[in-house]
Amino acid sequence: MTPLADLWPYLVLILCGFLPNDLWRMLGVIVGHGVAENSELLIWVRAVAIALLAGVIAKIVVVPPSALATIPIAIRVAAIGCGFGAYLAARQSVFVGVLAGEAVLVIGAVI
Amino acid sequence: MPDSIEPFKNVSTTTAETPSHRSTNAFLDGVRASWTSAFTLVLIGTFVGVGALAHDYGFALAWLALSTMLIWAAPAQVIIISALGAGAPLIEVALAVTLSAVRLLPMVVSLLPLLRAPDTRMRDLVLPGHFTAASVWVESFRLLPRIPLERRIAFCNGLGCGFMAAGEVGGAIGYSLAASLPVLLTAALLFLTPLSFLMSSARNCLILSDRLALAFGLMVSPLLVYLQIGLDLMWTGLIAGSAAYGVHVVWRTLR
């Protein structure tokens, strides 16, 4: 009795999430060797993956999901900047950085 | 040092007759090892953010749980959740996910020599391959050398299951918190993802091109969004990543 529409998100999950992601893991299992640890190609691959993730981070801050959109963009940007500054100041502690960023976001939104 | 704790390591043909209880015990050892790992807390924290994101974009809790099981890579999950949630075309989502996942190939390849015995079948490596993500990868390199070769695959699967359970717990917590907290606190939960991803990426940067890719990606993406260019995530990765690599090559040649 389940309408096809209910299953659609799961089909999308498999086609646009599971397969394009696990493809590379399975290729790794099949290829198994011959990929040098520090080849030039891998340096580029890592740079692309990092840049893409940075893009996702920036997009969540600039074009945020609904609840986060209730906080002005200036506060969001300030919070991520302060968080990163605290992370650097605390000798690269992710915990301190996240805490500081959250504090700026919440205090900035309340004031 | 770790080699001295392997008195029973036997590279002869007897490894093919592994009794099932031995692999069950190795699996449980792996699960236990995951619980005492610092990564469990990090995973719970990360997936609280992912869970909150999934709720805010209107995905079902079952969908989130399945995505953690099938994708098992927080960056790819954040990409698919935020891109689908914002209404991006499916092909764009798939391309962005796959570009973010290429990095998993060298991780799997470098892990295999630790797992493979002479008689290991390829299908036994499928599950450890699927579990390969930052957490399992780092902890495998730390823990596997102490484990006898014939127990390593089961141990690695246990480790992966334990970490995945932590991800599922974190995801469910974040999802239900986002459903019940006031808007301000939900916003704070959602903000966990950009904050923690930014700083853990920065921490994982090894060389100049990694750092530049992070900085360029942060700048290029909002620009492409502002210019309303299609496939903006894919282009951010390719443009900012290649530019970072280019600067890295030039810098290295000049030096």
Side-chain angles (χ1 to χ4, degrees), chain A residues 9-10 12-18 20-33 35 37 42-68 70-71 76 79-80 83-84 87 92 94 97-98 101-102 105-106 109-110, chain B residues 56-57 63 66-67 70-71 73 75-76 78-80 82 90 93-94 97-106 108-109 112 125-126 129-130 132 183-184 186-188 190-191 193-201 203 209-210 213-214 216-218 221-222 225 233 236-238 240-241 244-245:
Chain A
Y10 294 91
V12 172
L13 171 63
I14 289 168
L15 293 179
C16 301
F18 173 58
N21 189 65
D22 246 34
L23 161 79
W24 299 102
R25 287 180 172 133
M26 291 311 119
L27 264 179
V29 169
I30 292 164
V31 176
H33 49 76
V35 187
E37 270 287 321
L42 287 191
I43 296 178
W44 179 76
V45 162
R46 216 171 53 225
V48 170
I50 292 172
L52 207 149
L53 194 59
V56 177
I57 293 165
K59 260 185 104 168
I60 293 178
V61 175
V62 179
V63 204
S66 62
L68 194 53
T70 58
I71 294 172
R76 299 194 302 258
I80 202 134
F84 195 73
Y87 154 83
Q92 310 206 336
V94 176
V98 169
E102 290 287 357
L105 184 85
V106 173
V110 171
Chain B
D56 211 61
Y57 275 123
W63 189 95
L66 198 64
S67 85
L70 292 179
I71 300 179
V78 170
I79 291 170
I80 190 174
S82 60
L90 298 185
V93 180
V97 166
T98 212
L99 264 184
S100 80
V102 186
R103 75 200 157 83
L104 296 170
L105 187 152
V108 171
V109 169
L112 291 185
L125 295 170
V126 167
H130 176 70
T132 302
V183 177
L184 175 61
T186 303
L190 294 170
F191 210 59
T193 298
L195 278 174
S196 64
F197 274 48
L198 174 66
M199 288 173 244
S200 55
S201 308
R203 250 194 111 134
S209 74
D210 297 347
L214 189 62
F216 291 173
L218 288 173
S221 158
V225 170
L233 278 182
T236 298
L238 290 177
Y245 176 73

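Hydrogens, waters and symmetry mates are skipped; everything else that's a heavy atom, side chains included, is used. Order of the sequence lines fixes the chain letters, A, B, ..., with proteins taken first and strands second; residue numbering starts at 1 for each chain.
Interface remark: A/Thr70 contributes side-chain atoms only to the contact with chain B (heavy atom separation under 4.5 Å). In this structure, chain B has heavy atoms under 4.5 Å from both the backbone and the side chain of A/Ile80. Of the two parts of B/Val93, the backbone and the side chain both hold a non-hydrogen atom closer than 4.5 Å to a non-hydrogen atom of chain A. If you measure heavy-atom distances from A/Val62 to chain B, the contacts under 4.5 Å come from the side chain alone. Only the side chain of B/Ala76 comes within contact range of chain A, judged by heavy atoms closer than 4.5 Å. At a 4.5 Å heavy-atom cutoff, the contact between A/Asp22 and chain B is made by side-chain atoms alone. Contact of B/Thr193 with chain A is made through the side chain alone, with heavy-atom distances under 4.5 Å. Looking at A/Val45, the atoms closer than 4.5 Å to chain B (heavy atoms on both sides) all sit in the side chain, from C-beta outward. Interface residue B/Phe191: backbone and side-chain heavy atoms are both found under 4.5 Å from chain A. Only the side chain of B/Ile80 has a heavy atom closer than 4.5 Å to any heavy atom of chain A. For B/Ser67, the parts lying under 4.5 angstrom from a heavy atom of chain A are both the backbone and the side chain. For A/Leu13, the parts lying under 4.5 angstrom from a heavy atom of chain B are both the backbone and the side chain.
A donor-acceptor pair under 3.5 Å is formed between the side chain of B/Asp56 and the backbone N or O of A/Ala67. Here the side chain of A/Trp24 pairs a donor or acceptor atom with the backbone of B/Thr98 at under 3.5 angstrom. Put simply, the side chain of A/Arg25 gets close to the backbone of B/Thr132: a donor and an acceptor are under 3.5 Å apart.
The candidate with the highest count of non-hydrogen atom pairs below 4.5 Å against chain B, out of A/Pro64, A/Ser66, A/Pro20, A/Ala47, is A/Pro20. By number of non-hydrogen pairs under 4.5 angstrom with chain A, the leading residue of B/Thr186, B/Val225, B/Val78, B/Val126 is B/Val126. Ranked by heavy-atom pairs shorter than 4.5 Å toward chain A, the options B/Val102, B/Val97, B/Val108 are led by B/Val102. Annotation: maximal heavy-atom pairing with chain A below 4.5 Å, among B/Leu233, B/Thr236, B/Leu238, occurs at B/Leu233.
Residues B/Leu190 and A/Ile60 have side chains not in contact (no heavy-atom distance under 4.5 Å, counting atoms from C-beta outward).
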For the pair B/Leu66 and A/Tyr10, evaluate side chain to side chain contact (heavy atoms under 4.5 Å, CB included) and give the outcome as yes or no after the intermediate values. CA-CA 8 Å; B/Leu66 198 64; A/Tyr10 294 91; 3.7 Å; yes

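Rounding to the nearest 0.5 angstrom, the gap separating the CG atom in B/Leu195 from the CD atom in A/Glu102 is 5.5 Å.
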